[in-house]
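As structure tokens, the structure follows; a few thoughts come after it.
Count residues from 1 along the sequence. Quick note: numbers below take in every heavy atom, side chains included, and nothing from hydrogens, waters or symmetry partners.
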Amino acid sequence: EHGIGLLLGVNDIVLDIDDENIANHYTYTILQALKIPTSINVIGRQKKAVGAILYQTDENPKHYEIQDSSGKVLVELLAKGAQKVLPPSQFKNPDGTLDQFEWRKKFTPDFQFVSYAELKEAANHVAIFSMLDKAYPAEGGRDEACHCIARVFKSAARSNKINAEYATYFIQLLSMKNHDRERLEKEWGHTYTKANKITDAQGQLLKHFAKLEEKDAAKIAELLGYNKAEEEEVISEDWVQEELYAAPAASSLTEAAAVGRDWLIKGLIERGTYAQVHGTGGSAKSLMSIQLAVLATNPNSYFCDLFQFHK
């Protein structure tokens, strides 16, 4: 086993994809969506089509790596003092076979410049993709899982590159990798745009990705900057006690003080609000709801003496 390597200098950096699961065109696609160049200096081998990409970056960058809950390194940034094996060196696989490194995109000594912050964010997203891919749910929970990703991305505190277009791209790519044609054909930008702000990304992810390890959910939240967001969203317990749970005195509950309501059906449904119908299976809930909806459009309709329509 003989090979050659590159000793990285003060401005050299290598985006090294350690996880074979994502050392392929999926990493290419994520990097391109984040506007990270991938046209030159890409190293690969048979089992890792995209194993590493060489760049120039800010002076004296630090080594950075992301591990999953098992301690496996998914992706890392190799920096000054590290060595990177170059083609045509060979790699010995665990089964004893040899795998030769190749230039998958042409080599040039003029490495493309990408800031350290941008490369770090790109590494984060590649790792997030890997963890979510391994926990992608079975049929029946996939829609909610993809909605969850859109919501989690919407409230991400650490990125200015995540938007509705990127969220759609990421979710569709994840769906494609898992042969999920139904989610692949959906447009997720609307979900992203309409999503409310959340702070508990870890809880959301664990709820909708049943196979996701708790540590991996926490790592994804950390990589997206949720720890910082949660600190900023702390609510005073005194305020909660005084404002939310301050019950009115019983003596103040008079008919004269009651706020008037715009009834659709008096005492039952207010106009412009939501209502729920509960009952056992086969008790005609749907039939009654349809009947009420039809009656509500008729100025001469009658339901019963207790609940009367207001026009």
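Under the 4.5 Å side-chain heavy-atom criterion for grouping Ile, Leu, Val, Met, Phe, Trp and Tyr, I128 is not connected to L206 through any hydrophobic cluster. If you chain together hydrophobic residues whose side chains sit under 4.5 Å apart, F113 and Y116 never meet in one group. The same ILVMFWY cluster, assembled from side-chain heavy atoms under 4.5 Å apart, contains both L173 and I36. At a threshold of 4.5 Å between side-chain heavy atoms, the hydrophobic network of Ile, Leu, Val, Met, Phe, Trp and Tyr places I171 and Y169 in two separate groups. Using a 4.5 Å cut-off between side-chain heavy atoms of Ile, Leu, Val, Met, Phe, Trp and Tyr, with links allowed through other members, F91 and V73 fall into different hydrophobic clusters.
Remark: R45 engages D99 in a salt bridge, criterion side-chain N to carboxylate O under 4.0 Å. A salt bridge links R183 with E139: the closest approach of a Lys/Arg side-chain nitrogen to an acidic carboxylate oxygen falls below 4.0 angstrom. Taking a cutoff of 4.0 Å between a charged side-chain nitrogen and a carboxylate oxygen, K84 and D16 qualify as a salt bridge.
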(request) Show your working on side chain to side chain contact (heavy atoms under 4.5 Å, CB included) between L119 and T57 and close with a plain yes or no. (result) CA-CA 9 Å; L119 286 172; T57 192; 4.3 Å; yes

(message) I'd like to know whether E65 forms a side chain to side chain donor-acceptor pair (under 3.5 Å) with Q67, so could you lay out the CA-CA distance, the side-chain angles of the two residues, the decisive distance to 0.1 Å, and finally the verdict.
(response) CA-CA 7 Å; E65 69 177 32; Q67 299 180 5; 2.8 Å; yes

(request) Just do the side chain to side chain contact (heavy atoms under 4.5 Å, CB included) check on K62 and K120 with the steps written out, would you? (result) CA-CA 10 Å; K62 295 181 179 179; K120 191 174 179 181; over 6 Å; no

(request) Given side chain to side chain contact (heavy atoms under 4.5 Å, CB included), test M131 with L74 step by step and report yes or no. (result) CA-CA 9 Å; M131 288 184 276; L74 303 176; 3.8 Å; yes

(request) Dump the intermediate steps for side chain to side chain contact (heavy atoms under 4.5 Å, CB included) on L132 and L205, then the final yes or no. (result) CA-CA 9 Å; L132 291 178; L205 290 166; 4.2 Å; yes

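For the pair K48 (side chain) and D18 (backbone), a donor-acceptor distance under 3.5 Å is present. At distances below 3.5 Å, not a single donor-acceptor pair connects side-chain atoms of D180 with backbone N or O atoms of M176. No donor-acceptor pair closer than 3.5 Å links the side chain of N93 to the backbone N or O of G96. At least one donor-acceptor pair closer than 3.5 Å links the side chain of N163 to the backbone N or O of Y166. The backbone N or O of N21 sits less than 3.5 Å from a side-chain atom of N24, completing a donor-acceptor pair. Distance alone, capped at 3.5 Å, is enough to place a donor-acceptor pair between the Q172 side chain and the K186 backbone. A donor-acceptor pair under 3.5 Å links the side-chain atoms of T168 to the main chain of A164, judged by distance alone. At least one donor-acceptor pair under 3.5 Å links the side chain of S89 to the backbone N or O of I4. A donor-acceptor pair under 3.5 Å is absent between the side-chain atoms of K80 and the main chain of P61, judged by distance alone. Looking only at distances, no side-chain donor or acceptor of D216 sits under 3.5 Å from a matching main-chain atom of K219.
The distance from the NZ atom of K161 to the NZ atom of K35 is 9.0 Å, given to the nearest 0.5 Å. Taking CZ of F129 as the reference point, atom CD1 of I149 lies at 9.0 Å (rounded to 0.5 Å). The line from CG of D133 to CG of D19 is 8.5 Å long, rounded to the nearest 0.5 Å.
A donor-acceptor contact closer than 3.5 angstrom links the side chains of S115 and E118. N41 and Q112 share no side-chain donor-acceptor pair at under 3.5 Å. If you check the side chains of N11 and D58, you find no donor sitting under 3.5 Å from an acceptor.
Checked against the 6.0 Å centroid criterion, the rings of F153 and F170 qualify as a close aromatic pair.
Using a 4.5 Å cut-off on side-chain heavy atoms (C-beta onward), Y192 and I162 make contact. You'll find the side chain of I53 stays beyond 4.5 Å of the side chain of V14, heavy atoms only. Two residues are said to be in side-chain contact when any heavy atoms from C-beta on lie closer than 4.5 Å; H208 and R151 meet this criterion.
Taking each heavy atom of Q204 and I198 in turn, the nearest pair found is CG-CD1, 3.9 Å. Minimum interatomic distance between V152 and A201 (heavy atoms only, all atoms of both residues): CG1-CB, 4.2 Å. For the pair K197 and S155, the tightest heavy-atom approach, listed with the atom from each and the gap, is CA-OG, 3.3 Å. The two residues L78 and Q83 have their closest heavy-atom pair at CD1-O, 4.4 Å.
Other residues, nucleotides and ligands contribute over 12 non-hydrogen atoms within 6.0 Å of the CD atom of E20.
Among residues two or more places apart in sequence or in another chain, the ring pair (Phe, Tyr, Trp, His ring centres under 6.0 Å) test is passed with H147 by W188.
With a 6.0 Å cutoff to the six-membered ring centre and a 45° limit on the axis angle, K211 does not count as a cation-pi contact of Y136.
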